[in-house]
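Please read the structure below before turning to the comments.
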Amino acid sequence: MKQPGIFISFEGIDGAGKSSHIEALAAAFRGQGRVVTLTREPGGTPLAEKLRTLVLNDAMDPLTEALLVFAARRDHLQQVIEPALARGEVVVCDRFTDATFAYQGGGRGFDLAVLSNLELWVQAVPTLEGDFVRNPDLTLWFDLAPAVAAERLASARVPDRFESQPAEFFRRVADGYAQRAAHAPSRFARIDAALERDAVWQQISQVLVQRGWLGAAA
Ligand code: TMP
């Protein structure tokens, strides 16, 4: 019998260390026989990847930026996420709408009410019983002090438009995540990203086991 799809997002400020754990979580699900769609935002489709390149590299005003990330999300949802969930797959997504609330809302100071409206329009999924707003079933929020994240990033790679922002920007982004988590406590699992890599994985695996999505040996 087909299992229900599961939608999991990873969130956190740049430098919080999500990447290797995203791969590990996908591997853990595959090890249990689940089909995993591993994807990211902005991006995940040819069109959305083009929008990602624009958003990460070209100067633009905050409304344009918000519209482009939501346009990319719309395409990603329709082309990749909804079909995968309908097939009963596990969708593991590197960032989703919480990033828009944290970066465009918190970081850029863009109007949260406008973002909420865009969220309702873009993520509406029609069903026979009426529309619902698609959001992840679980969000693993890598919480890390902005100063520590900045130190980790400094040696890592050539910074994009977001990574090159000042410390104050990341403090606002971190606050944006904290506010979003406070509004959806049952969806968010806070991961203490300051810990060693193995300890971070232990926290993730514990959350997944508690939800009954991974066996205790994961
Ligand atoms: P990544 O490097 O973790 O893939 O994320 C790309 C950058 O895009 C990251 O700095 C966060 C930013 N971003 C937004 O500003 N708004 C969004 O809605 C998303 C999904 C990402």
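Order of appearance sets the numbers: ligands from 1, and atoms from 1 within every ligand. Just so you know, these numbers come straight off a predicted model, no measurement behind them.
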Subset of ligand 1 atoms that lie under 4.0 Å from at least one heavy atom of [X]:
| X | result |
| --- | --- |
| Glu41 | 20 (C) |
| Thr100 | 17 (C), 18 (O) |
| Arg52 | 1 (P), 2 (O), 4 (O), 6 (C) |
| Arg73 | 18 (O), 20 (C) |

Residues forming a side-chain hydrogen bond (donor to acceptor under 3.5 Å, both in side chains) with Asp94, sequence neighbours excluded: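 Listed in chain order: Lys18.
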
For ligand 1, note which part of [X] has a heavy atom under 4.0 Å away: side chain, backbone, both or neither.
| X | result |
| --- | --- |
| Asp14 | side chain |
| Leu56 | side chain |
| Lys18 | side chain |

- request: Tell me, please, which residues at least two apart from Arg108 pass salt bridge (Lys or Arg N to Asp or Glu O under 4.0 Å).
  value: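 Salt bridge (Lys or Arg N to Asp or Glu O under 4.0 Å) check on Arg108 returns Glu65.
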
task: For atom 21 (C) of ligand 1, grab the closest protein heavy atom and report residue, atom and distance to one decimal in Å.
output: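 Of every protein heavy atom, Pro42 CD, 3.5 Å lies nearest to atom 21 (C) of ligand 1.
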
For the side chain of [X] and the backbone of [Y], is there at least one donor-acceptor N/O pair under 3.5 Å apart?
| X | Y | value |
| --- | --- | --- |
| Gln165 | Arg161 | yes |
| Arg134 | Val122 | no |
| Thr139 | Trp141 | no |
| Arg180 | Ala102 | no |
| Glu23 | Ser20 | no |

query: Is Gln104 close to ligand 1, meaning an N/O of one under 3.5 Å from an N/O of the other?
result: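 Such a contact does occur with ligand 1.
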
Close N or O approach (Arg95, ligand 1; < 3.5 Å):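 Right, the criterion is met.
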
query: Touching ligand 1 at all, Arg40? Heavy atoms, strictly under 4.0 Å?
result: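 Outside the 4.0 Å threshold, so no.
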
Lys/Arg N to Asp/Glu carboxylate O, Arg187 vs Asp98, below 4.0 Å: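 Counted as a salt bridge, because a side-chain N and a carboxylate O are separated by less than 4.0 Å.
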
